[in-house]
Amino acid sequence: MIRTKHIPDKYEKEILQIKKISNEMINDCMQCGKCTAGCPAITEMDILPHQIMRHLQLGQFNKVIESKTIWSCASCFTCAARCPRGVDLASLMEAVRLISLRQKGNNRLKVQNIGQLMTDEKMPQQAVVSALRKYSK
Ligand code: SF4
Ligand code: SF4
């Protein structure tokens, strides 16, 4: 008997979007748990990092985007450094956050305004870099 993995179609578009933004291979994760073992923010998370990976593999985008975890992630890249399969989970978390913000219409910086904002000396550098990262993907 041939076993096939059932991936729901419901969130196929969102999963593809995550892959496109992060440029990461979700299915490379082998669920070893090293990301969770090294994560400094797990006490603030409702879904552990390796569990986030499993939900993404199963197409359960709704569980990931509704989780507290994506906002608790400190983007420290410890998980990416520890992953034996070269999966950058921090970038996947960032991709889900971006999609969440876009779905809520919370893009505070419009792409057409970035050039002008860069001439403002009071603009925090981090805001400019974040905007460039957001719109360059
Ligand atoms: S360390 Fe990498 S392979 Fe292991 S569970 Fe985390 S993402 Fe998956
Ligand atoms: S990047 Fe996020 S998920 Fe990865 S180890 Fe740091 S806090 Fe944890």
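In each ligand, atom 1 is the first atom listed, and ligand 1 is the first ligand listed.
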side-chain contact (heavy atoms from CB on, under 4.5 Å) partner of M93, chosen from S67, C73, C79, S75: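 So, applying the side-chain contact (heavy atoms from CB on, under 4.5 Å) to M93 and each of S67, C73, C79, S75, only C73 qualifies.
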Of all the non-hydrogen atoms in the protein, which one sits nearest to [atom], and at what distance?
| atom | answer |
| --- | --- |
| atom 8 (Fe) of ligand 2 | C39 SG, 2.3 Å |
| atom 3 (S) of ligand 2 | M93 CE, 3.8 Å |
| atom 4 (Fe) of ligand 2 | C79 SG, 2.3 Å |

Using a 4.0 Å cut-off to any heavy atom of [X], which atoms of ligand 2 qualify?
| X | answer |
| --- | --- |
| A90 | 1 (S) |
| F77 | 1 (S), 6 (Fe) |
| T78 | 5 (S) |
| A74 | 2 (Fe), 7 (S) |

Worked verdict on Q57 versus R54 for side-chain hydrogen bond (donor to acceptor under 3.5 Å, both in side chains): CA-CA 5 Å; Q57 287 176 333; R54 192 62 184 141; 2.8 Å; yes
contact_flag G38 ligand 2 heavy-atom lt 4.0 Å: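 False for this residue.
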Min heavy-atom dist S75 to ligand 2 below 4.0 Å: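 S75: in contact with ligand 2 (<4.0 Å).
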Atom indices of ligand 1, in the order listed, that fall short of 4.0 Å to a heavy atom of Q31: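 Those of ligand 1 that fall under 4.0 Å from Q31 are 5 (S), 8 (Fe).
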Heavy-atom gap R82 to ligand 1 smaller than 4.0 Å: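 R82: no contact with ligand 1 (<4.0 Å).
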Short N/O/S contact of C83 with atom 2 (Fe) of ligand 1 (below 2.8 Å):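 Given the 2.8 Å cut-off, C83 counts as a ligand of atom 2 (Fe) of ligand 1.
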Contact check: C76 to atom 4 (Fe) of ligand 2, N/O/S below 2.8 Å: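 Given the 2.8 Å cut-off, C76 does not count as a ligand of atom 4 (Fe) of ligand 2.
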